[in-house]
Amino acid sequence: MTTLHAEWTKVRTVPGTVWLLVGVVALTVAPGALAAGAMPSGGDPAKSALTGIVVGQAIVVILGVATVSGEYGTGMIRTTFTALPHRLEVLAAKALVVTGLVLAAGAVAVAGSVAAGEALLPGGLPFTGPVVRAAAGSVLYLGLIAVLSVGVAVLVRDAAAAVGLVLGLLYLTPIVATLVADPTWHDRLRTLSPMTAGLAIQSTVDVAAEPVAPWSGLGVLALWAAAALVTGAAALRLRDA
Amino acid sequence: MEATIEVTGLRKRFGGTTALDGMTFTVAAGQVTGFVGPNGAGKSTTMRVVLGLDAADAGHALVGGRPYRELRRPLHHVGSLLDAGALQPSRSARNHLLWLAHSQGLPAKRVDEVIAVTGLGPAAKRKAGGYSLGMRQRLGIAAALLGDPPVLMLDEPFNGMDPEGIVWMRTFLRDKAREGRAVLVSSHLMSELQDTADHLVVVGRGKVIADTSVAELIAAASGDRVTLRTPDRTQAMTVLGRAGGTVAATGADTVTVGGLTSGAVVALLTDNAVPFTEIAAHRASLEEAYMELTRDAVEFQAGQS
Amino acid sequence: MRHLIHAEWTKFRTVRGWVIGMLVAIPLTVLVGLLGPAGSQMSCAGPDGQPCENNVPPTGPGGEAVHDSFYFLHRTLTGDGTITARVATLTDAEPWSKAGVIVKRDTEVGSTYAAVLLTGGHGVRMQHDFTEDVAGPVSTSDHQWLRLTRDGNTLTGTTSPDGEHWATIGSVQLGGLGDAVQAGMFVSSPEHVEITRGFGSVDASGGPTMATATFDDVSVDGGWAGDWRGTEVGGESGMDTGHQESGGEFTITGHGDIAPIVPDQGSRGRTVENALIGVFAGLIAVLVVATLFVTSEHRRGLLRTSLAASPRRGQLFAAKAVVIGGVSFVTGVASAALAIPLVEQVEVAKGMFLFPASTWTEVRVVLGTGLLFAVGAVLALAVGMLLRRSAGTVTTVVVGVVLPYLLAVASVLPSGPAEWLTAVTPAAGFAVQQTVPEYPQVNASYTPADGYFPLSPGGGFAVLCAYAVAAVVLAVVALRRRDA
């Protein structure tokens, strides 16, 4: 509990945090609104209103990475581990605090996107079960991206490398999949990769056409995030600070 | 190129804090000038302005008569050490010196020379990130020496050095001054400069409090006082006080006398048959002299907060 | 300046992590590029079940992959001559269904030809050698009369609305035309394609079509020999094509197309830029290293040492830019030069065919990838100098350069916003990879997702450069103004 409090105070007192959270909201809502305005007929209204998640997640990556790499960069990590020798607790507290903040910002961002979608989409955004699932799932998606970023940052330590790695991992499959002609492999790739699988949660029209079911897709992303955090935790225990 | 640093009327504010408030002094060739003052007195800011890193709001700083930013190969004019920790930790010390040498058009041979001079030796091949603070200071000195400059400017070079390192540093600084270079060394501990500096620039609250030679400063702080050791302290104090001296007891059998020369003291004591075992002109330590000077200028005094 | 560059180069090469990061970009580009063909298993078991290896499309006289299938009613023309015909009707036509008169070296697929033709939706045109296309006169009246005149190797196409007033469309030279050629009337009709593009999905539907044209007022002049013979150029289509003649009126039903093959999504053919799909991954690695090259100096306070050693701040930045730009350029060139042959080898092994590209085009793409890496790295350097933070800098440049590319090529966005994004963001620089031209005479989906950038290679690169220049100017101004 003390650890959590300490991490919360740390995050709270870094001036950049607030701006990054504002950035998550702005960069999620604005592209979503633009995409909703430009949606062709026959598209998925929920998907287009929530397009901004693809952009906003980049800021979430900065938030997740900076909480960890910032301390390694300045050597403050040694102060932290001197004050709180239980390293895994520190990691858990960091992940919790960042994820909590991202979920809060994500909720605002998604609410903004949904409101923009309702206003700008040709047919509005019907308030149906699948749409609610897409919206709530998108908030969770951002939270999981935060966890993934924290895990990778603990592993890599260096901020630039960690951001590059996370963004590369996220962007890899959507780009490569365009050239994978074999439908089996194409679907497999989209099922296994964190971004494409996770974003299946946004599908509300023709859900069966997605290679992976909405909640299973988010589960795939959760597995990635968990794997990154567990590997990071193992590295944290074994390595010198 | 003359070996001097001239600082004239520097002023600089950081937000609401005045860092420099008309800082003016000159560093002459052939001697070690100590740049002393409490933390926050403006020593590092002055050095950064001299190196063209920070821009002053008013005033100017010249190195050998020219602004630093106009120097084509600055390390040939000034060698400086500001922050020994300013290193890429994954780069070896030798490679750190190598890129600096290349920036001045110096050959790799020069790198090996300064490594030898500063005693880094085989450790130079190791990553600088693993260095102790003392080793980093030596690496910083090596970097400052690369261009064989007539002016050296070192910020707190004694920090983190072991006793052996401190002795080495003192000898090094004196040698460089003897070669005719101007050497400016900052410190917040006067004792470090006790046997090193010839001249002192004492600063507080962004300006110069004293610009004087070490000998003069100590003489001024010592005043004309005489220290007396006597088994009959009360009698001695009465006699000397009656003669117009300012007398203070400093121990069970010691007395400090001001306002009287040592000759007068001896004559008075002999005339009145007061026994004494030892008499000497009082000599203040540099530390005392400094404390006296900066008493008013210390920014964060105890009890203030 | 020379010394500064030398110093920055020493700085760069003496940090092992940066050198490794830069080198990693090369295998990353290649391996990610290999993922595409590795995950593709081509089966060409169409109606004829032919294996893919032998199913390479024909090439035209210019070496480009072409469709060359149509119904050809022809006679042998030796020496000079003229054919004139009126296309009385053209029914069941697609916009690019073609009916007209043609002179072709022979009935071999891909042989040189020139034709004057009426299309279903694009008026009268003169085309030759697959890629060349000239529109006929624009007028309100139908130009149904078509005439093609051979004079040696020169073919002249004319058209008329009434058979009396003739207007010349164009005159072309054909190389490799023998004395005896095949000439006559033809009909072709390409696949009907309808593309619907939504968010994250592309649906292409369609199927083969046939068009029927009736020709009357057919007359020939010159060294014509033999009877009219009907040939399905390009092999049996299995469709109900053919011709009938009654009273000098010919009715021809044809299928197929005479046009260059345009690569698009799902195409079995692969372009040079397809082999470079991994470039974005290599670019991310380069951007990370370029960012660290400047932000690590800020973090350690090393920038003060650098500035004390070289007080001319603009020059210091220039030296950094030259070094990181140069290293990135070499990395980009090496990445592309390795990725293209290696990926193409796997593509061929997997039964795909390669759209031919000239050596000059490949050199241009390889150098272009180097420039993309170099300018991207300089952009990262400038942004890093401005922001002074690693995480923020990497995110900014990756979101600026790579994310719009992803949104556009992965069909996350519909084609309108996708084209807009790849024209106005730094991602426009990816256009340097483009090798396939857009053919106005071929109906296809020319979107970033299909490999078509809205800007030319040079234009797209210029957009990226503009961003880099703006960032560099801001960075140098900030560096000069700020206290270090």
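In what follows, chains are A, B, ... by sequence order, proteins preceding strands, each numbered from 1.
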Mind jotting down which residue pairs meet the side-chain hydrogen bond (donor to acceptor under 3.5 Å, both in side chains) criterion with at least one end in residues 376-392 of chain C? Sequence neighbours excluded, please.
-> T295(C)-S390(C)
At a heavy-atom separation under 4.5 Å, does L407(C) approach chain A through its side chain, its backbone, both, or neither?
-> side chain
Greater than 12 external heavy atoms within 6.0 Å of W19(A)'s CH2 | no
Best-contacting candidate, L35(C), L28(C), T291(C), against chain A by heavy atom pairs under 4.5 angstrom | L35(C)
Identify the two heavy atoms, one from L172(A) and one from F280(C), that lie closest to each other, and give their separation to 0.1 Å.
-> CA-CZ, 3.6 Å
Nearest heavy-atom neighbours spanning A160(A) and V288(C) | O-CG2, 3.5 Å
If you count heavy-atom pairs under 4.5 Å between each of G36(C), G33(C), A281(C), G278(C) and chain A, which one has the most?
-> G36(C)
Please flag which part of I284(C) lies under 4.5 Å from any non-hydrogen atom of chain A: side chain, backbone, both or neither.
-> side chain
Is any side-chain heavy atom of V402(C) closer than 4.5 Å to a side-chain heavy atom of L167(A)?
-> no
Chain C contacts, top residue of I175(A), L20(A), V176(A), V163(A) (heavy-atom pairs, under 4.5 Å) = I175(A)
Proximal component of V166(A), with respect to chain C [non-hydrogen, under 4.5 Å] = neither
Could you list the donor-acceptor pairs under 3.5 angstrom formed between side-chain atoms of residues 59-67 of chain A and any protein atom two or more places apart in sequence or on another chain?
{"unit_1": "T67(A)", "atom_1": "OG1", "unit_2": "L63(A)", "atom_2": "O", "d": "2.8"}
{"unit_1": "T67(A)", "atom_1": "OG1", "unit_2": "G64(A)", "atom_2": "O", "d": "2.8"}

Of the listed T396(C), V397(C), V32(C), I277(C), the one with the largest count of heavy-atom pairs under 4.5 Å with chain A is I277(C)
